[in-house]
Number of protein chains: 2
Amino acid sequence: MATSTAAARREEARLAYDAFLEECPTGQLLARISDKWVGLIVSALGQAEDRSLRYSDLGRKIPGVSQKMLTQTLRSLERDGLVTRTVTPTVPVRVDYRLTDLGSSLGGLLSSVKLWAESHFDEVSAHRDTFDRATATS
Amino acid sequence: MATSTAAARREEARLAYDAFLEECPTGQLLARISDKWVGLIVSALGQAEDRSLRYSDLGRKIPGVSQKMLTQTLRSLERDGLVTRTVTPTVPVRVDYRLTDLGSSLGGLLSSVKLWAESHFDEVSAHRDTFDRATATS
DNA sequence: CTGTATCCAAGGTGATACTG
DNA sequence: CAGTATCACCTTGGATACAG
């Protein structure tokens with residue numbers, strides 16, 4: 001088992017990291033809500049009437065999201081109590097996702113961030129050009 | 001081209017995705033600022049006096065970040081014009097990162113999100129427990 | 001329509017060692 | 001002190017096919 005030099009240290013680091021997460025759970029939550037899809041989904045739901053949308057509506061409203069990510073993200077949001085999932089057992093099943101009050105409070109913040117991104121995009125773009133030009137001058 | 005193997009369709013999808021990014025650059029920016037480390041770094045800088053911190057101070061202030069991620073994230077922030085990088089060529093080199101006005105405007109928002117995460121953590125936690133218990137009852 | 005399960009490519013991420 | 005470079009990993013995320 002002398003092999004385990006690297007592997008052992010990995011494992012050790014891994015555990016240390018997990019312990020850290022346990023001690024710093026806020027980081028976890030922050031990382032979760034900092035997710036790209038979370039922002040888009042919560043924003044989309046927040047803008048919708050009744051803060052509610054169907055599964056397929058979400059998929060259509062959010063460009064580039066895959067079924068997998070949509071389902072996965074919605075699950076975690078449901079688990080965290082940010083959205084509720086309502087199944088209507090009609091013949092084609094209908095599922096609605098609705099923002100809870102908790103989710104709405106976050107939705108406002110994330111919408112602001114999204115708005116910031118939209119309104120400051122050209123500014124950031126300009127900075128990028130400047131930076132890239134300066135870097136190329138090496 | 002009956003080939004139409006999986007690889008071909010991959011490539012096609014890939015190009016479509018890139019085209020999408022080009023058409024939807026806001027999504028790029030949103031994804032960038034939704035990054036976990038971006039939030040932590042910008043928040044840390046925002047809370048600091050003079051909105052400025054040294055490289056090592058940042059590393060100490062943000063638990064769990066590696067040199068690589070710190071440098072990498074700071075570079076992208078600099079490129080986007082959210083922070084400025086100032087090198088003081090003393091004997092032990094000193095580098096300060098300072099939030100620009102643009103960065104500060106984002107910093108306020110991200111701090112709010114961070115604050116939300118901190119203040120609603122127990123609530124989310126409670127929801128998770130409920131959800132997990134309900135799921136286990138399958 | 002709304003998922004679930006599997007496979008697979010790609011990139012994010014950290015550990016380590018080295019430079020100025 | 002402040003990086004840079006390399007390597008190895010392993011999670012993320014998409015495509016696909018299948019199910020209720």
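In what follows, every chain begins at residue 1, and chains take the letters A, B, ... in the order their sequences are listed. Below, all heavy atoms of this structure are taken into account, side chains as well, without hydrogens, waters or symmetry copies.
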Query raised in the report: Is there a chain of hydrophobic side chains (I, L, V, M, F, W, Y, each step under 4.5 Å between heavy atoms) that links V93(B) to V83(B)?
Result: yes
**Report entry** Hphob cluster co-occupancy, L77(B) + F131(A), side-chain heavy atoms under 4.5 angstrom
**Finding:** no
Query raised in the report: In terms of side-chain geometry, is the basic nitrogen of R51(B) or D101(B) positioned less than 4.0 Å from the acidic oxygen of its partner?
Result: yes
Query - Carboxylate-amine/guanidinium contact R75(A) D80(A), below 4.0 Å - result: no
Query - Closest-nucleotide 5' rank along DNA chain C - winner of R60(A) and Q67(A) - result: R60(A)
Expressed in angstrom and rounded to an integer, what is the separation of [X] atom [atom1] from [N] atom [atom2]?
X      : N       : atom1 : atom2 : answer
K68(A) : dC7(C)  : NZ    : P     : 12 Å
E78(B) : dA2(D)  : CD    : P     : 15 Å
I62(B) : dT13(C) : CD1   : C1'   : 16 Å
R85(A) : dT4(C)  : CZ    : C1'   : 12 Å
R75(A) : dA5(C)  : CZ    : C1'   : 14 Å
L70(B) : dC1(D)  : CG    : P     : 14 Å
M69(B) : dA2(D)  : CE    : C1'   : 16 Å
L77(A) : dG3(C)  : CG    : P     : 13 Å

**Report entry** Short side-chain N/O contact to dT2(C) OP1/OP2 from S56(A), under 4.0 Å
**Finding:** yes
Requested in this report: Please list residues of residues 48-55 of chain A whose heavy atoms come under 4.0 Å from any atom in DNA chain C, ordered by number; otherwise none.
Outcome: R54(A), Y55(A)
Report task. Using a cut-off of strictly less than 4.0 Å between a heavy atom of the residue and any atom of DNA chain C, enumerate the qualifying residues of residues 88-98 of chain A by number. Result -> P92(A), V93(A), V95(A), Y97(A)
Query raised in the report: Is a side-chain donor or acceptor of T88(B) paired with a backbone partner of T90(B) at a separation under 3.5 angstrom?
Result: no
Query raised in the report: Can you check side-chain contact (heavy atoms from CB on, under 4.5 Å) on I33(B) and L106(B), steps first, answer last?
Result: CA-CA 9 Å; I33(B) 65 184; L106(B) 178 61; 3.8 Å; yes
Query - Distance-only polar pair, side chains of T86(B) and Y97(B), donor-acceptor under 3.5 Å - result: no
Query - Partners passing side chain to side chain donor-acceptor pair (under 3.5 Å) against D50(A) (at least two apart in sequence or in another chain) - result: none
Query raised in the report: Base, sugar-phosphate alone, or nothing: which one does Q72(B) contact when heavy atoms must sit under 4.0 Å apart?
Result: nothing
Requested in this report: Could you tell me whether the side chain of E78(B) reaches within less than 4.5 Å of the side chain of T84(B), counting heavy atoms only?
Outcome: no
